[in-house]
Each structure stands twice: as C-alpha cells, then as structure tokens.
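Because only heavy atoms are used, hydrogens play no part in the values below, and waters and symmetry mates are left out as well, while side chains stay in. Within every chain, numbering begins at 1; the chains are lettered A, B, ... in the order of the sequence lines, protein sequences first and strands thereafter.
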Amino acid sequence: MGEIITRFPPSPTGYLHVGGARTALFNWLYARKTGGTFILRIEDTDLERSTEASVQAIFDGLEWLGIDWDQGPFYQTQRFDLYKEVIDKLLEDGHAYWCTCTPDEIDVMRETARANGAKPKYNGKCRHRNLGPGNGAVVRFKVPLSGSTAFDDMVKGRISIPNAELDDFIIQRSDGSPTYNLAVAVDDLTMKVNTILRGDDHVNNTPKQVLILQAMGETVPTYGHVPMVLGADKARLSKRHGATSVTEYRDMGILPDAMINYLARLGWSCGDQEFFTREDLIEKFDPDHIGRSPGVFDVEKLLAINHDHIQQKPTAEVTEALLPYLEKAGIVAGDRVQLEKAVKTLAPRSRTLVDMAENARFYFNGITGYDAKMAKKAFKPEAAEVLSVMKAALGETEFTQEALSATFKAVVEKLEVGFGKVAMPMRLAVSGTGASPDMYEMLEVLGQEETLKRIDDAVAHIRSLG
RNA sequence: GUCCCCAUCGUCUAGCCUGGUCCAGGACACCGGCCUUUCACGCCGGCGACAGGGGUUCAAAUCCCCUUGGGGACGCCA
C-alpha cells in the first residue's frame, strides 16, 4: 500500500470524549508505527452546531494525550468549493439529481414505509424528474436500485449491504452546503487517506462513501470499524455513566500515558501485556488485534493502570506532572530535590496525581491537627516523654535513613519499650495522621529542623491536654 | 420494523483465521494469607467464563447453521 495515511476527523460539537480519543489514538498509533502520516480534519459542515470553543476543546484533549498531527487541521468549511465541484460533476454524470421534496413530504414517505414494515427511506420521487437547481432544492445521490455494496473491513472482515437498504441520500443541502458523506469521501480521497479506523457507528455510512467514490471512478480506502465504548450497563457510553471527556480524566489526576495505555487496551490487545509505555504502544500497535466486540469503560481499571504508571515512570517526570495539581491544591513545595524525594515516598500509595498532591500536603504545608482516633492511642501522657527523648536523640542524628534507623533503635532500647510506643507518637506528631509513608523516608524528606519543630508542637499539644 | 455487526470469568482480554498442547491463560475488582513501625506497595493463594441448541469431525472455545441476547444504523447530524 505504500505509506499509511490515517486521519482523525472530529466534528466540533463538544469536547473530546473517550470514544473519540480512542479512535484518534488508534489512527495516530498506526501512522506512528508505520512511519506514515496522521491528519487532523475538523468536520464543521454543520454550521448550526459547530463552535470555536469545541475546536479548542478538541485541541486541548489531543494535546494533553500527546497526540500530534502531521497535516492540518483542515476545516471542511474552507473546502466548500471543492465539494461543489464534485457535486456538479456527479450531477453532470447522472450520478446525482436535484430534488424539491419538502421535509414534510419525506416524513410522510418514511412513516408510510415504516408502517409497511419496511425501512424508512426517501422514495425516489424526484429521481426521474430531471429537475434543475431551484431555491429549496437539494441534491441527492442516485444509489443503485439493486445489487449490494461491499468492502473488506480490517477488523470485521467483509461487510456487504444490499443497495436496496440505502435510499438516495442528500449530498448537498438546500443552502448549498455539502453533507457528511460527500465531504468525507471527497476529503479522504483528496487528502490521500488510505486507512480509516473509526467507530462502529459508521459502518452504515461506509457503503454510501464507497458508492460516491465509485461514481467518481476512484478506488476506496481501507476501512476498519472499531466497536463502541460502552458504560457499565452496556449501553453506549454517555454522560450519565460519569466522566466522558478526556480532560475530566486529566483533572482527576490521570497521567496521559496511563490514559492512552488504558484506551489502547480497551478494544485492542497484545497477548497478555497490560502495561505499555507510549513507545511500547507505537512499537506494538497492530490493527490486526483490534477486537470485534464492544467494551465497557471501567474507571477502576484506569485508576489501577494509572497507579502502575505513577510507579514506573521516572520520579522526575512524575514530579513534573504533579506540579499543576500541587498548585491547584494550594501546596507550596520546597525545592525540587525535596519534592522529588517526597514524590518517591508517595508514589506507591497514590492512584492519581490528585491523591498524590493531597498526600503531599503534610510535607509542605505543615499539619493542621492530629487525627482524633489516632491521637487517643498515640498521644497518651507518657508519649510526651518519649517524644522528648526522641527529639534529643534526633537532634544529634544525621537525617539519612541508616542513621535515623539507628537512632530509633537506640531510643527503643534505652526506653525499653516496644517499637510502636515510639513510632506511633512520632508518626502522628510529624504527619498528623496514622497513615503515612515509611518513617525514615518521611523524616529524611521532612528534614531535621522541621521534624524537631513538629515534635515540639506535639509535646506541647499533649501537655496541654493535661 | 428493516438492515449491519457482535457474543470467553462481574469488567478488559489471550486463545479462534491455521480444530487436538485449554477440565481455557493474564489483568482489574473481590476474598484469604505473607511481609510490616502505620497506610500503602509488593508477594503468594482463592473465587470466577467458552450464551443455548443443532451439525461437521476421531477430536470444537476454535468451522457451519439456527435460536437467544446485546450494540449500531435507518437525519437537509457527524
């Protein structure tokens, strides 16, 4: 086939949703894997619903995911002259005709057909009337009355649809604008797109596009229809199932690499492999392994894979990604070195960057109080004594894990108590809670000065209780 | 209603094209245990599926047919 040329053609009528993101990803991956070209095309022929804000939202979504394009963005509204030319040619060659039937008349046709148990279709009334352009007239494509139109789908195999199922669909609206099927066929042809991975919901449009291309005497691209993404109830994914916009997942603290990993594995597989870096995906993506059945979007699994990425990714990169979430949470981290150390302690216990930012709060913003349940156990009067001893010992300790460990051991021996008697008050004093990172790692991140200060605060707090 | 597509654990899936190595493998979730200074991580183990029925075959999750179920499409939306 030569160079693979794929495209992603969203219509700017809303944000980038996860289903769209996945088809964009598949096309992008295939182009990147094969060293081909990936085109972005904005399908804005619906002047009523297309908005500038949506275009921007789609760019934002793609940018966040790290999906870049080689050509475009092309806007269909800027290509009306081209569509017009093709439509005129189709008219001229007898592959299309003018129609003056009103929407109301067509409604009646459809009602009638439906009542007879047939497929609701336009009945071809104007097909042989040899009408010319007139106000309110549309142009319809002349679909063969018999036979069938087939194509070999990359994921589903050969698909064949009887032409009798199709009606003479509109290719030019009464306002002169082209409709979807016409514009797509023309664009894919002129942009030399040869591989089209798109949602399942387009299967029924494919014969129409094939027919247009054939009428133009052109060859058709290779199609691959990817099954839909469903919600937990197996219905098509929609807002009522929760977040459907990719940027909502960004806001939830999902790493872009985790998002594309999850999205790729939803409907595509590579043996038993679950974890993929971006490079892995590009190297291993193969449309042959796109599944044929629809899949349910499972946030739990997304969170799990996000956790894996948080742990696998180099600390410096996770730290960089965390920055905006810290800012949003109002957390002012210390220097970068300290922050990275903190991130290292937090990674195993954070499923999202939002979690991680929240878990980092005690390191940098100080503590606002002590967990009540924990305080009842750990802050008994004698704890003040233990903490004082710890403070003295820590004042002489170098804040490295080995030295810290040795100091704790020495204090425990000197006091002749269980380790918990020392660790519990310390943990609470320093973190404010009973759940924190490993003691030595935590103290190392916190540093000597801050640790001693917090111990003082805790001692004062315990004594104030009487 | 008509047409198109799909059908392996609760979920994502491997296996299916090129039948036997599958009394079906992995992951998420769930349950139990281990580790342990907390919470986690990690590790080990458990639960759990070939929609149903017919064929073809020495042999079927794998091939064929039917049924059932699910999804999609049927717009001067894309």
Pair partner, B:rC35 [Watson-Crick or wobble, under 3.5 Å]: none
Could you list the residues that satisfy side chain to side chain contact (heavy atoms under 4.5 Å, CB included) with A:V226, not counting sequence neighbours? A:R22, A:F26, A:I290
Given the 90°-from-0 boundary between syn and anti, B:rC17 should be labelled anti
Distance criterion of 3.5 Å, no angle test: do you see the side chain of A:N205 paired donor-to-acceptor with the base of B:rA78? yes
Name the nucleic acid region contacted by A:S350, choosing base, sugar-phosphate or nothing; use a 4.0 angstrom heavy-atom cut-off, strictly under. nothing
Inter-nucleotide C1' distance (B:rG54, B:rU18), Å rounded: 26 Å
Residues that A:Q401 engages under side-chain hydrogen bond (donor to acceptor under 3.5 Å, both in side chains), provided they are two or more places apart: A:E444
A:Q76 side chain reached by A:I42 side chain, heavy atoms, under 4.5 Å: no
Quick one: do A:R41 and A:D188 make a salt bridge, cutoff under 4.0 Å? yes
For A:D152, give me all partners under salt bridge (Lys or Arg N to Asp or Glu O under 4.0 Å), at least two apart in sequence or on another chain. A:R158
What's the gap between B:rC34 and B:rG70 when it is taken at their C1' atoms, as a whole Å value? 43 Å
Which whole number of Å gives the distance between the C1' atom of B:rC31 and that of B:rC47? 7 Å
Within the structure, does a side-chain N or O atom of A:T179 lie under 4.0 Å from either OP1 or OP2 of B:rC76? no
With rounding to whole Å, what would you report as the distance between B:rU56 and B:rC64 at their P atoms? 15 Å
Separation between the P atoms of B:rC28 and B:rU36, rounded to whole Å: 24 Å
Integer angstrom distance from the P of B:rG15 to that of B:rG69: 29 Å
With sequence neighbours left out, the residues meeting salt bridge (Lys or Arg N to Asp or Glu O under 4.0 Å) with A:K156 are A:D200
Looking at A:W268, A:W28, A:F276, which one forms a ring pair (Phe, Tyr, Trp, His ring centres under 6.0 Å) with A:F285? A:W268
Salt-bridge contact A:D233-A:R240 (side-chain N to carboxylate O under 4.0 Å): yes
Residues in side-chain hydrogen bond (donor to acceptor under 3.5 Å, both in side chains) contact with A:Y363, at least two apart in sequence or another chain: A:T345
Using modelled atom types only, decide if a donor and an acceptor are shared between the side chain of A:E105 and the backbone of A:T102 within a distance under 3.5 Å. yes
Assign A:D167 to base, sugar-phosphate, or nothing according to its heavy-atom contacts below 4.0 angstrom with the strands shown. nothing
Tell me, do A:N181 and A:N205 make a side-chain contact under 4.5 Å, heavy atoms counted? yes
Assuming nearest nucleotide by heavy-atom distance, tell me which of A:M424 and A:Y180 is located more 5' along RNA chain B. A:M424
Mind running ring-ring contact (aromatic ring centres under 6.0 Å, His included) on A:H461 and A:Y370 for me, showing each step along the way? CA-CA 10 Å; A:H461 174 78; A:Y370 302 102; 4.8 Å; yes
Provide, to the nearest angstrom, the distance between the CZ atom belonging to A:F297 and the P atom belonging to B:rA29. 15 Å
Could you check A:Y122 against A:E274 and say which one's nearest nucleotide on RNA chain B is further toward the 5' end? A:E274
Pick out the pairs of N or O atoms, protein on one side and nucleotides 17-25 of chain B on the other, that lie under 3.5 Å.
residue : atom : partner : partner atom : Å
B:rG25  : N2   : A:D272  : OD1          : 2.8

Test item: A:S11 side-chain N/O and A:T13 main-chain N/O as donor-acceptor pair under 3.5 Å: no
Protein and nucleotides 2-6 of chain B: nitrogen or oxygen contacts under 3.5 angstrom:
residue : atom : partner : partner atom : Å
B:rU2   : O2'  : A:E165  : OE1          : 3.3
B:rU2   : O2'  : A:E165  : OE2          : 3.0
B:rC3   : O4'  : A:E165  : OE1          : 3.0
B:rC3   : O4'  : A:E165  : OE2          : 3.4
B:rC5   : O2'  : A:K156  : NZ           : 2.6

Enumerate all atom pairs, one protein N or O and one N or O from nucleotides 65-67 of chain B, separated by less than 3.5 Å.
none

Any base atoms under 4.0 Å from A:G267, or only sugar-phosphate, or nothing? Heavy atoms, all strands. sugar-phosphate
Side-chain donor or acceptor of A:R361 paired with backbone N/O of A:A329 under 3.5 Å: yes
Parallel, tilted or perpendicular: which describes the rings of A:F141 and A:F169, with under 30° parallel and over 60° perpendicular? parallel
With a 4.0 Å heavy-atom cut-off, tell me which residues in residues 430-446 of chain A come close to RNA chain B, sorted by residue number. A:G434, A:A435, A:S436, A:P437, A:D438, A:M439, A:Y440
Under a 4.0 Å heavy-atom cutoff, the residues of residues 303-312 of chain A touching RNA chain B are A:A304, A:H307, A:Q311
Measure from the side chain of A:R427, starting at C-beta and using heavy atoms only, and say which of B:rU37, B:rA40, B:rC77 lies closest. B:rU37
Given the rule in the side chain to side chain donor-acceptor pair (under 3.5 Å) test, do A:T195 and A:R7 qualify, once you have shown the distances and angles that lead to the verdict? CA-CA 8 Å; A:T195 309; A:R7 43 63 155 188; over 6 Å; no
Determine the contact category for A:I170: base if any of its heavy atoms lies under 4.0 Å from a base atom, sugar-phosphate if only primed atoms, P, OP1 or OP2 are that close, otherwise nothing. base
In the structure shown, which nucleotide is the Watson-Crick or G-U wobble counterpart of B:rC3, with both distances under 3.5 Å? B:rG72
Do you know which of A:D201, A:D153, A:T23 makes side chain to side chain donor-acceptor pair (under 3.5 Å) with A:H225? A:D153
If we call it a pair only when both distances are under 3.5 Å in a Watson-Crick or G-U wobble match, what pairs with B:rU11? B:rA27
For A:Q312, the side chain to side chain contact (heavy atoms under 4.5 Å, CB included) test, sequence neighbours excluded, returns A:F275
Whether the side chain of A:T352 engages the backbone of A:V354 through a donor-acceptor N/O pair (distance < 3.5 Å, no angle test) should be reported. yes
Closest to the A:H289 side chain: B:rA27, B:rG15, B:rC77? B:rG15
B:rC9 versus B:rA61 - spacing of their C1' atoms, nearest Å: 14 Å
If we ignore hydrogens and angles and just use 3.5 Å, is the side chain of A:R173 paired with the main-chain N or O of A:P178 as donor and acceptor? yes
Under 3.5 Å donor-acceptor, A:D355 side chain and A:S350 backbone: no
Can you list, by residue number, the residues of residues 73-86 of chain A that have a non-hydrogen atom closer than 4.0 angstrom to RNA chain B? none
How far does the C1' atom of B:rC35 sit from the matching atom of B:rA51, given to the nearest Å? 43 Å
Could you tell me how far apart A:M109 (CE) and B:rC74 (P) are, to the nearest whole angstrom? 18 Å
Check: A:K301 side chain, B:rA29 base, donor-acceptor under 3.5 Å: no
Please give the nucleotide sitting opposite B:rA60 as a Watson-Crick or G-U wobble pair, both distances under 3.5 Å, or none. none
Could you please name the partner base of B:rC17, counting Watson-Crick and G-U wobble pairs only when both distances are under 3.5 Å? none
Is the phosphate of B:rG1, meaning OP1 or OP2, less than 4.0 Å from a side-chain N or O of A:R110? no
